[in-house]
Amino acid sequence: MTNYLDFEKPLADIEGKAEELRAMARANSEMDIEAEAKALDAKSAALLQELYSSLTPWRKCQVARHPARPHCLDYIDALFTEFTPLAGDRNFADDHAVIGGMARLNDQPVVVIGHEKGNDTASRLKRNFGMARPEGYRKAVRLMDLADRFKLPVVSLVDTAGAYPGIGAEERGQSEAIARSTQKCLQIGVPLVSVIIGEGGSGGAVAFASANRLIMLEHSIYSVISPEGCASILWKDSDKMREAAEALRLTAQDLKSLGVCDQIVAEPIGGAQRHQKDVIEAVGRAIARNLAEMKKHTPEDLRKQRREKFLSIGSKGLAA
Amino acid sequence: MNWISNYVRPTINSLFSRREVPENLWTKCDECGTMLFHRELHDAQNVCTNCNHHMAITPRERFTAMFDGGIFTEVPVASPLADPLHFRDQKKYPDRMKAAQKKTAETDAMLVAEGEIFRTPIIAAAQDFSFMGGSMGMYVGNAIVAAATRAVELGRPLVLFSAAGGARMQEGILSLMQMPRTTVAVEMLREANLPYIVVLTHPTTGGVTASYAMLGDVQIAEPNALIGFAGARVIEQTIGEKLPEGFQRSEYLLEHGMLDRVTHRKDLKEELVTIIRMMMHLPPPIAGDLPAPAETPAEAPATPAQSAPKPKAEAKPKAAPKGKKK
């Protein structure tokens with residue numbers, strides 16, 4: 001069953017009608033509905049194309065958060081071999097919102113780290129909806145250290161609404177854990193390629209995305225605050241999230257113009273949620289290409305390049 | 001004529017008489033309600049003399065109280081692009097900036113200075129909560145990079161006083177990018193083996209705590225400062241329960257192992273210099289009131305010909321602040 005977003009409602013109506021017709025035809029073999037159903041299919045395909053050719057920033061947020069979008073584990077399963085998850089921060093716990101471990105990408109051993117949101121109620125609860133606690137960031141720091149020592153490139157897959165806001169998380173130093181993870185991203189002497197596959201929510205995303213190369217999916221977002229949060233603070237009305245999404249310039253396209261994002265991976269019409277396999281493969285190619293480009297770089301070059309990249313961000317703005 | 005004598009005149013009189021009361025001479029402590037005379041409050045660096053509540057202090061006031069003889073030189077900060085996203089909420093971002101600049105007479109939410117504390121040369125950076133909630137945008141990022149660069153250049157430690165609600169939303173992703181950017185600045189100090197000391201003041205939250213404000217070699221906080229990543233309201237809404245007493249306050253963080261020390265504002269200068277001199281392998285500081293430092297550090301040992309013609313300059317320490325703009 002397709003999970004429709006609110007702006008896809010007209011599409012749901014058409015696809016529903018076509019489905020109904022075909023169901024009737026299956027029950028009654030004398031009915032000939034194929035021509036009519038095909039017309040409906042064409043209509044829905046045209047509508048889908050139209051909807052996705054000009055998504056507003058808020059609609060992109062909705063697509064980026066779509067529950068049927070491929071998540072971290074889907075990418076790991078499809079792109080990597082010999083994935084060996086490694087757990088725990090050696091201090092307090094293993095955070096299931098963060099997945100990490102060693103794996104091979106086209107036979108090359110790498111360390112892969114990412115936020116996992118989960119795909120059903122049970123897994124979402126287990127993964128805390130992809131919102132990491134300090135242990136998750138400290139696990140990432142540990143894995144990046146390991147990657148650095150054994151000269152394994154790091155791939156991070158970012159997909160989080162943000163770091164988890166909770167009493168325990170604060171008591172155990174959520175902010176310090178995020179700061180250390182960002183610091184580790186900048187310190188390691190191995191290539192770090194980061195992909196925002198859905199939501200890049202604030203500091204919780206920065207902690208993994210302070211990379212040599214930042215790749216974003218076409219309909220992914222990366223923002224200092226959620227549009228709802230921004231609306232409730234600046235507009236004093238959380239229903240103004242459309243305006244906030246617009247103002248924040250959080251789309252992959254705007255971030256590329258600002259020099260924050262290095263490459264955009266196109267999504268097929270209808271978004272990653274409708275074409276999981278294609279999108280995952282395209283992401284795999286983009287990661288492999290970026291890693292290959294950095295293969296010859298020395299640890300010093302990689303650190304320097306990361307530093308210079310972040311120091312120069314902010315030198316160009318957006319057209320009015 | 002009755003309403004004139006009964007209403008208009010008293011109203012006018014009250015307007016005038018009210019104006020004559022020098023209201024700004026007294027400040028009410030927001031914690032205990034004690035009325036504090038401005039001189040007394042100034043001498044106490046905006047700490048309530050009755051209940052020790054630490055009120056906000058501007059970077060300029062803090063630096064004047066902290067640096068020897070109140071002398072410091074501002075470190076220039078590169079100005080970033082103004083309004084790169086053309087951000088507009090209910091107001092335009094440039095309008096908000098202009099209002100904040102007018103209110104504070106500062107350029108943005110951070111001031112960087114070089115000077116000496118107990119004759120120990122340092123670089124200091126302080127965040128200004130009165131400027132748009134101290135929010136971290138590109139200017140604050142530039143200020144921290146400038147502070148670290150200058151510290152490395154002169155081989156001095158960096159002391160950073162944080163105070164911010166978080167990142168500046170009006171700069172969108174570019175404010176978020178100050179998290180890795182300021183972390184690069186911290187890395188510069190780390191590589192040069194220079195002490196980086198953070199003093200967290202009320203309040204320090206959000207992206208600021210999740211970057212440079214939590215990466216100090218030594219982490220000190222002023223008493224009862226609110227320090228945390230997520231806002232209390234967000235946490236309450238997420239978990240649906242009341243927060244424990246003292247949650248996200250300095251003493252609570254100290255108790256949970258997130259800070260090295262909680263220090264009263266009046267003791268900060270001495271504590272900073274003690275720590276810094278140990279980290280820099282310098283002898284203990286000379287305690288007590290010192291004259292203001294000379295313009296150029298005396299080069300040892302001076303020849304008689306050089307030192308003889310300047311008796312006046314030595315007798316009278318220079319007290320004129322050279323780094324102050326206003």
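No experiment lies behind these values; they were computed from the predicted model shown. Proteins get letters first, then strands, A, B, ... in listed order; numbering begins at 1 in each. Excluded from the calculations below are hydrogen atoms, water molecules and symmetry mates; all remaining heavy atoms, backbone and side chain alike, are included.
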- prompt: Is it the backbone or the side chain of Leu234(A) that comes under 4.5 Å from a heavy atom of chain B, or both, or neither?
  reply: both

query: Where along residues 201-211 of chain A does a heavy atom come under 4.5 Å of chain B, listed by residue number?
result: Ser202(A), Gly203(A), Val206(A), Ser210(A)

- line: Residues at least two apart in sequence or cross-chain that pass ring pair (Phe, Tyr, Trp, His ring centres under 6.0 Å) with His297(A), listed by chain then number, are none

field: Close contacts, residues 219-233 of chain A versus chain B, judged by heavy atoms under 4.5 Å
entry: Tyr222(A), Ser223(A), Val224(A), Ile225(A), Cys230(A), Ile233(A)

field: Residue Arg65(A) excluded, over 12 heavy atoms near CZ under 6.0 Å
entry: yes

message: What I'd like to find out is whether the side chain of Arg190(B) reaches to under 4.5 Å of the side chain of Gln183(A), using heavy atoms alone.
response: yes

Least distance between heavy atoms, Asp89(B) atom then Trp235(A) atom: CA-CZ2, 3.3 Å

- request: Taking the side chain as every heavy atom from C-beta outward, state whether Leu85(B) and Leu258(A) have any pair of such atoms under 4.5 Å apart.
  value: yes

message: Tell me the closest heavy-atom pair linking Met214(B) and Ala179(A), and the distance in Å.
response: CB-CB, 4.5 Å

- line: Taking a cut-off of under 4.5 angstrom between non-hydrogen atoms, the residues of residues 168-178 of chain A near chain B are Glu170(A), Glu171(A), Arg172(A), Gly173(A), Gln174(A), Ser175(A), Glu176(A), Ile178(A)

query: Which heavy atom in Ile167(A) sits nearest to a heavy atom in Lys242(B), and how many Å separate them?
result: CD1-O, 4.3 Å

query: Which bit of Ser181(A) comes within less than 4.5 Å of chain B, counting heavy atoms only: side chain, backbone, both or neither?
result: neither

